[in-house]
Amino acid sequence: MATYTPPLRDMQFVMHELLNVTADLQAMPMHAEMDADTINAVLEEGGKFAADVLLPLNISGDAEGCALDITTHAVTTPSGYKEAYKQYIDGGWAALACDTEFGGQGLPLVVNQCFYEMMNSANQAWTMYPGLTHGAYAALHTHGTPEQKATYLHKMTSGEWTGTMCLTEPHCGTDLGLMRTKAEPQGDGTYKITGNKIFISAGEHDLADNIIHLVLARLPDAPPGIKGVSLFIVPKFMVNANGSVGARNGIYCGGLEHKMGIKSNATAQIVLEDAVGTLVGQPNKGMQGMFVMMNAARLGVGNQSLGLTEVAFQNALAYAKDRIQMRSLTGPKAPDKAADPIIVHPDVRKMLLTAKAYAEGGRALLCFSAMLLEKEHNHPDDKVRKESGELLAMLTPICKAFLTDNGHISTNACMQVFGGHGFIKEWGMEQFVRDNRINMIYEGTNTIQSLDLLGRKILGNNGATLKKFGKLIGALVAEEGVNEKMAEFITPIAILGEQMTKFTTELGFKGFQNPDEVGAAAVDYLRVAGHLVFGYLWARMAQVALRQIAAGNTDPFYVAKLQTARFYFAKLFPETATAMRTARAGSKVLMDTDAALA
Ligand SMILES: Cc1cc2nc3c(=O)[nH]c(=O)nc-3n(C[C@H](O)[C@H](O)[C@H](O)COP(=O)(O)OP(=O)(O)OC[C@H]3O[C@@H](n4cnc5c(N)ncnc54)[C@H](O)[C@@H]3O)c2cc1C
């Protein structure tokens, strides 16, 4: 079975030494009293919950899966899931970063982000049950009426009720404008909703007393396409005036999907038959509310892959130190043994360091992004709120797609470290690969994220946000440009920053003449942009480590950080050259291929 040690030291490094989050948090009235000790203490306890309660259920939950009773439509989660969920609620974990007005603890989002990383490492499929609730909570918190908030948010904050997002239908996933589910106004402020949704994560289960579905549907007079989609709250059980759970609503699970990974999360086919719902936000403006949920979920999905990258790395590292096979090319390193541990082999180290660099870089990016989200919502300065929101909008598709692609690379590399044993279930490594695979698909496939990044977030505003990110790099270059020790980290990002401006302008120009050029280049572009962001964060991490070492700090943590930074820039960052080259190969080699694809 896989083991897991919460990476608390690295989380503390990212939050307190790299990002200095407490200073930023204290500038916001709601977090004025926040300090590092509180953050660290909460995460230490959260790590215990992940490692002690969730991890032991990961392999058994995968083997057992969920069961549907087709006569009652009830779904039973694997053994131990219900008890773990009760512990989660009793421990107050559901309320961690929720609004105190609705019973939340009001802790910073970055704390919740790190807590979720640990839960994802321990058991991604279980973590999706409470995880979906956070997105639904955010959508209702932003777009719900006071009455809707009063009815639902307390119970969602406590975790007594969970949430879902119901977008996908059998014929429409990416293109939600094709949606058919209908909502008929009843004249009393409610709607009767009828249709079929598929692939709904945590769509039915036995963990909570009620499930609050956020459903996209069409009103009778809705314009065609995405501009005619509205958002509704459809509870599994109606809610009585006193807040208690009432009659069963016409929304139920008609089937469960059998799938490659996350087997213990119920992926439900949801049938709506005259289900009673209420409108969230304005008619035909459903995507506004749903985007709040989707953006939260996109960061959450990147966090799922970060969790899997970390746990896969930890297990592969332990195995590589223990497994002996062959001798080192430079002579025996463990002459007392029949062979050397495989960690002596350069390529085994490359696989391990790939996962380590992607995990630590991903953690830095997601904590950086969680702070932007916090500032966007809670900073007293309008300008900070606006700029944080703009930068986060650009980083969101990178968090989703770059981190999940990196998770795919990393979990596969870590499985490879185990040789044939990685392919055998009992080690848990093949499950990490399988579980990670969906992260590249749902919440908008990684191709769609790339189009969002290049088309909307970069070219859509003439590269204005990219230029602002470039200023962060420029400031670091100005600060460290003459420091010889930083040259190996600063030079690559300074060069890529300049190349990126030219590359983006070139793609914009080509895309203006032929939109397929954007489609052909977008996935490669996102890899380049992801490395630009990672490069910036890795350079800053190297800067912190170098300063500590120069000040005489002998903690090996800083040497490790520096070595990982060097590996990242030498072995992973150069992918940008290939990606720019393939992006520049253009669309003709793809679109002028009817004979090849006949
Ligand atoms: C396990 C699981 C859990 C899920 N959970 C949820 C959930 O909780 N709620 C929910 O609503 N949905 C959920 N989904 C659905 C998921 O979000 C969709 O599967 C995903 O968005 C892709 O939609 P699709 O499957 O219809 O693929 P399609 O939209 O049919 O896409 C097929 C392929 O075409 C590509 N493609 C499509 N359009 C373009 C384009 N314009 N340019 C380039 N390429 C394009 C896609 O990238 C993809 O590779 C889940 C799915 C799974 C498998």
Side-chain angles (χ1 to χ4, degrees), residues 62 65-66 75 124-125 127-136 139 162-181 195-205 211-217 225-226 229 231-232 234 251 253 255-270 272 286-287 289-291 293-298 300-301 304-305 397 400-401 404-405 434-456 511 515-526 587 590-591 597:
D62 180 67
C66 294
V75 168
Q124 171 174 324
T127 303
M128 288 171 68
Y129 292 104
L132 264 296
T133 312
H134 279 291
T162 61
T164 73
M165 52 194 295
C166 299
L167 295 76
T168 306
E169 297 181 7
H171 63 287
C172 89
T174 303
D175 192 350
L176 293 171
L178 302 173
M179 183 168 299
R180 290 186 194 139
T181 297
N196 290 292
K197 298 286 177 180
I198 60 163
F199 297 167
I200 304 308
S201 297
E204 182 56 64
H205 56 78
I211 303 176
I212 312 306
H213 300 277
L214 289 194
V215 178
L216 286 180
I226 199 72
V229 169
L231 180 62
F232 299 87
V234 184
I251 181 166
C253 176
L256 285 182
E257 305 297 347
H258 300 279
K259 50 198 197 287
M260 174 180 178
I262 56 163
K263 292 188 179 197
S264 58
N265 191 272
T267 306
Q269 295 159 13
I270 293 287
L272 296 113
M287 290 313 289
M290 197 42 98
F291 261 118
M293 188 160 184
M294 284 158 73
N295 283 329
R298 284 171 182 175
V301 173
Q304 291 177 332
S305 284
K400 197 280 180 178
T404 59
D405 283 347
R434 285 189 287 109
D435 285 354
N436 183 76
R437 192 61 187 83
I438 187 59
N439 300 342
M440 302 156 81
I441 297 173
Y442 58 21
E443 261 323 302
T445 64
N446 284 1
T447 303
I448 297 304
Q449 302 301 320
S450 307
L451 289 168
D452 181 44
L453 176 71
L454 180 56
R456 277 185 67 220
D516 273 340
E517 290 292 333
V518 172
V523 169
D524 291 320
Y525 186 90
L526 189 140
S587 68
L590 300 174
M591 305 316 286
L597 297 177

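We number each residue from 1, following the sequence as shown. Quick caveat, the model's predicted, so the values are computed rather than measured. First listed ligand is number 1; within each ligand, the first listed atom is number 1.
Shortest contact from atom 44 (N) of ligand 1 to any protein heavy atom: Thr447 CG2, 3.8 Å. The protein heavy atom nearest to atom 21 (O) of ligand 1 is Gly444 N, 4.0 Å. Considering only non-hydrogen protein atoms, atom 42 (N) of ligand 1 sits nearest to Leu451 CD1, 3.5 Å. Closest to atom 9 (N) of ligand 1 among all protein heavy atoms lies Met165 O, 2.8 Å. At the top of the distance list for atom 26 (O) of ligand 1, counting protein heavy atoms only, stands Gly173 CA, 3.2 Å. Of the protein's non-hydrogen atoms, Thr445 CG2, 4.0 Å is the one closest to atom 48 (C) of ligand 1. Considering only non-hydrogen protein atoms, atom 6 (C) of ligand 1 sits nearest to Phe199 O, 2.6 Å. Scanning all protein heavy atoms for the shortest distance to atom 18 (C) of ligand 1 gives Thr168 OG1, 4.3 Å.
When heavy-atom distances to ligand 1 are checked against a 4.0 Å cut-off, Thr164 has no atom that comes that close, whether in backbone or side chain. When non-hydrogen atoms are compared, ligand 1 lies under 4.0 Å from neither the backbone nor the side chain of Lys197.
Heavy atoms only, all atoms of each residue included: Met287 and Leu176 are closest at CE-CD1, 3.9 Å. Taking each heavy atom of His171 and Leu178 in turn, the nearest pair found is NE2-O, 2.9 Å. Of all the heavy atoms in Lys400 and Ile441, the pair that sits closest is NZ-N, 4.0 Å. Heavy-atom minimum distance, Ile262 versus Asp435: N-OD1, 2.7 Å.
Here the side chain of Thr162 pairs no donor or acceptor atom with the backbone of Ile211 at under 3.5 angstrom. A donor-acceptor contact shorter than 3.5 Å is absent between the side chain of Arg298 and the backbone of Pro397. Here the side chain of Gln449 pairs no donor or acceptor atom with the backbone of Met440 at under 3.5 angstrom. Asn295 contributes a side-chain N or O that, together with a main-chain N or O of Phe291, makes up a donor-acceptor pair within less than 3.5 Å.
For atom 39 (C) of ligand 1, the protein comes within 4.0 Å by at least one heavy atom. Within a 4.0 Å radius of atom 36 (N) of ligand 1, the protein has no heavy atom. Using a 4.0 Å threshold on non-hydrogen atoms, atom 29 (O) of ligand 1 counts as touching the protein.
No more than 12 heavy atoms of other residues, nucleotides or ligands shown are found within 6.0 angstrom of CE on Met591.
Using a 4.5 Å heavy-atom threshold, the side chains of Met293 and Met290 count as touching. For the pair Asn446/Val523, no side-chain contact is recorded, criterion being any heavy-atom separation below 4.5 Å from C-beta on.
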May I have the list of side-chain donor-acceptor pairs in residues 196-203 shorter than 3.5 Å, sequence neighbours left out?
from	atom 1	to	atom 2	distance (Å)
Lys197	NZ	Leu167	O	3.1
Lys197	NZ	Glu169	OE2	2.9
Lys197	NZ	Leu216	O	2.8

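Residue-ligand proximity, Ile448 to ligand 1, at heavy-atom distances under 4.0 Å covers atoms 39 (C), 40 (C). For ligand 1, the atoms closer than 4.0 angstrom to any heavy atom of Ile200 are 7 (C), 8 (O), 9 (N), 10 (C), 11 (O). Within ligand 1, the atoms closer than 4.0 Å to a non-hydrogen atom of Glu443 are 17 (O), numbered from 1 in the order shown.
Any N or O atom pair closer than 3.5 Å counts here, and Cys172 shares no such pair with ligand 1. Polar contact check, Ser201 against ligand 1: a nitrogen or oxygen pair lies under 3.5 Å apart.
In this comparison of Thr174, Leu176, Leu132, the heavy atom closest to atom 31 (O) of ligand 1 sits on Thr174.
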